[in-house]
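First listed ligand is number 1; within each ligand, the first listed atom is number 1. Residues take their numbers from the sequence shown, with the count starting at 1. If you're wondering where the values come from, they're calculated on a predicted model, not measured in any experiment.
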Amino acid sequence: MTSIVERSVGRPLGRVEGPAKVTGEARYAAEFPVEDVTYAWVVQSPVARGTLRSVVVDPTTEDDDMLAVLWHGNAPEIAAAADPELAVLQSERISYRGQVVALVVARTLEAARRAAQVMQLDIDVEPHDAQLAVDHPDLYTPETVNPDFPAVSERGDFNTAFNSAPVTIDVRYATPALHNNPMEPHATIALWEGDDLILYDSTQHSSGVAATMGPIFGLTPDRVHVIAEHVGGGFGSKGSARPNAVLAAMAAKVVGRPVKLVLPRSALFSMVGYRTPTLQRLRLGAEPDGRLTAIGHESVEQTSRIYEYAEQTTVVTRHMYAAANRFTSHRLVRLDVPTPRWMRAPGEAPGMVGLECAMDELAEKLGMDPIELRVRNEPDAEPESGKPFSSRHYVECLREGARRFGWEGREQRPRLRREGDWWIGTGVAGATYPAMVQPSVARVRTLTDGSAEVAIAAADIGTGARTILTQIAADELDLPVDRVRVLLGDSTLPRASVAGGSSGSASWGWAVTGACRELRRTGGSEVTFDSTELVKKQETDGKHAYGAHFAEVRVDAVTGEVRVTRLLGVYAAGRILNPRTARSQFIGGMTMGLGMALHEEGVMDPATGDWVNHDLAEYHIPVHADVESVEAHWLDEQDDDLNPMGSKGVGEIGIVGSPAAIVNAIWHATGIRVRDLPVRLDKILPHL
Ligand code: MOS
């Protein structure tokens with residue numbers, strides 16, 4: 001049977017919700033019109049450690065607009081959740097600066113904000129420790145790192161092999177704290193209808209928020225209705241219920257009216273997670289021909305007093321390059337600091353800074369082209385698990401990138417190219433991200449007019465998920481895309497996995513494909529399909545997307561200013577479902593990588609335990625003028641072992657390796673190795 005409808009998957013369909021977004025019709029969490037709504041504002045701890053004795057409300061704010069001041073002395077008791085950050089206003093203990101210690105609810109936003117800002121807190125302050133150090137006496141090895149990898153891995157005899165290797169590199173790289181700053185801040189409107197809780201919440205996972213929030217308030221998850229129709233970015237910081245959801249729900253219960261809580265930008269720096277700083281040590285041992293005999297990658301990181309989050313920084317090294325003798329480890333210290341969490345490509349993003357810069361240093365020492373060094377160490381199976389790769393086209397990405405970028409003929413020695421006041425250089429680094437898939441459920445039904453409705457509690461956080469699911473369903477049902485309507489962003493729809501781990505399209509697409517195929521097979525008008533059993537049967541080892549990043553930089557010989565003239569990525573990420581939305585993910589990740597290389601850093605003041613640059617005025621991110629040419633390309637990669645679409649994720653791989661390519665290019669331009677990100681001009685200038 002030949003189809004009369006052109007296949008949609010693989011075509012650059014524009015976002016189906018695009019018109020709603022540009023006309024302002026699309027509603028984000030805080031924008032839903034809710035009658036009788038009241039406003040909440042958070043009060044955050046001004047100290048890093050201590051005990052809150054009491055709160056004193058300024059009498060001048062005690063007007064008719066005030067509805068409630070909640071703190072642990074009067075807040076309703078809620079049940080403990082797996083995430084201790086959600087136990088808001090339950091204890092007098094202060095574990096970090098910026099922790100929420102009180103909430104003001106008022107009839108107007110202005111009244112709530114003013115009362116919060118002039119509230120006095122009576123705190124017994126204790127000495128704190130907010131300084132990560134590689135020799136911190138309280139360092140320990142966690143049992144596992146995010147999400148559940150062993151903290152340490154060893155193969156062969158690393159020490160012996162490293163100590164006897166003819167060529168070695170032993171370097172330390174540091175990456176700073178980085179902060180999720182989605183355009184839409186974390187926000188919740190909460191209202192109670194009888195005993196049912198309704199939350200308009202900015203989240204990457206409405207099913208997960210319902211499952212978490214229910215038990216906190218003594219409800220089954222089906223009594224919690226989470227609506228997240230449009231989400232303005234998350235990057236991991238909205239991957240699970242955040243304190244704003246609990247605070248809004250609690251306040252709505254107390255005041256008996258709907259409560260809207262939008263976190264101010266400054267609160268995002270401490271209340272919703274951030275990427276931990278990392279202190280990494282890389283030891284590489286090689287033969288003179290470049291073959292690695294020993295790879296060692298260690299990382300020291302921080303977490304908070306109340307929750308152990310261990311970034312999986314060195315896990316990426318376990319599958320990147322061949323070498324018989326290997327050692328990776330993670331050590332943590334609990335400090336009086338906010339809890340770090342997921343931020344775009346947790347683990348891979350900081351880990352590949354260390355590994356890919358160290359590889360560049362090894363290439364320099366060997367006098368070998370850095371691409372050839374990588375090619376020489378291509379493994380034929382996953383080096384630590386021994387499992388085959390379902391598909392791996394890393395070398396092809398390096399070669400195709402080299403061709404497109406114009407790598408051939410590059411002089412290996414640094415500091416040779418100068419144009420006027422600019423030193424010019426180029427650099428390369430690898431990229432990788434796991435191809436994950438998670439169980440989800442989808443419902444498909446045909447309507448009387450012959451069109452189809454797809455329902456799944458997925459989240460479109462700006463990635464194009466709604467569009468891609470429309471394309472997948474259209475092809476499976478042999479319908480034009482305008483005859484398919486996708487409902488998502490609502491926890492009352494069939495349960496879906498998180499929009500995280502670059503797994504959304506693969507996971508939800510699998511459930512949608514299953515439902516559509518079942519519908520056609522049975523000839524019915526409605527089918528619900530659960531992918532859990534199929535997903536569980538899948539081999540998870542050996543499944544990764546790969547890529548290669550190339551950068552050209554110019555460094556001002558007088559001021560040390562770095563400009564990135566060109567950034568180019570080539571990816572092998574399975575089948576690309578929609579080239580337009582995929583390209584947007586790739587170049588977005590690369591731009592974030594540019595920020596990681598040159599601009600972004602959370603500056604912790606050890607004296608106060610505060611992120612001193614907790615706003616977008618002082619936490620620098622790339623702006624348009626910083627982004628000159630960013631190009632993303634991909635190889636057609638066929639891999640039938642992944643999911644029915646043959647897709648790998650594209651959301652996170654762009655930030656993996658792109659910072660290292662820039663740092664390596666800065667060395668090539670200037671001869672200066674900066675091993676401490678971001679590469680600010682004050683780190684270059686003394687050596688120019
Ligand atoms: Mo991403 S950090 O898995 O949302």
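Counting only heavy atoms from C-beta outward, the side chains of Tyr309 and Trp342 approach each other to under 4.5 Å.
By the 30° and 60° cut-offs, the orientation of the rings of Tyr394 relative to Tyr546 is tilted.
Annotation: Gly236 places an N or O atom under 3.5 Å from an N or O atom of ligand 1; distance criterion only. Between Trp342 and ligand 1, no N or O atom pair is found at a separation short of 3.5 Å.
In terms of protein heavy-atom proximity, atom 2 (S) of ligand 1 is closest to Phe235 O, 3.3 Å.
For ligand 1 and Arg344, the ligand atoms under 4.0 Å from any heavy atom of the residue are 2 (S). Against a heavy-atom cut-off of under 4.0 Å, Gly500 is close to the following atoms of ligand 1: 3 (O), 4 (O).
Proximity of Glu652 to ligand 1, defined as any heavy-atom pair under 4.0 Å, is confined to the side chain (atoms from C-beta onward).
Close to ligand 1: Gly501, with a non-hydrogen atom less than 4.0 angstrom away. Ligand 1 lies nowhere less than 4.0 angstrom from a heavy atom belonging to Gly239.
Residues Lys238 and Ser202 bring a donor and an acceptor atom of their side chains to less than 3.5 Å of each other.
Between His297 and the options Thr313, Thr317, Thr314, a side chain to side chain donor-acceptor pair (under 3.5 Å) holds for only Thr317.
Here Phe269 and Tyr274 keep their ring centres 6.0 angstrom or further from each other.
Within the 3.5 Å criterion, the main-chain N or O of Tyr307 finds a donor-acceptor partner in the side chain of Ser304.
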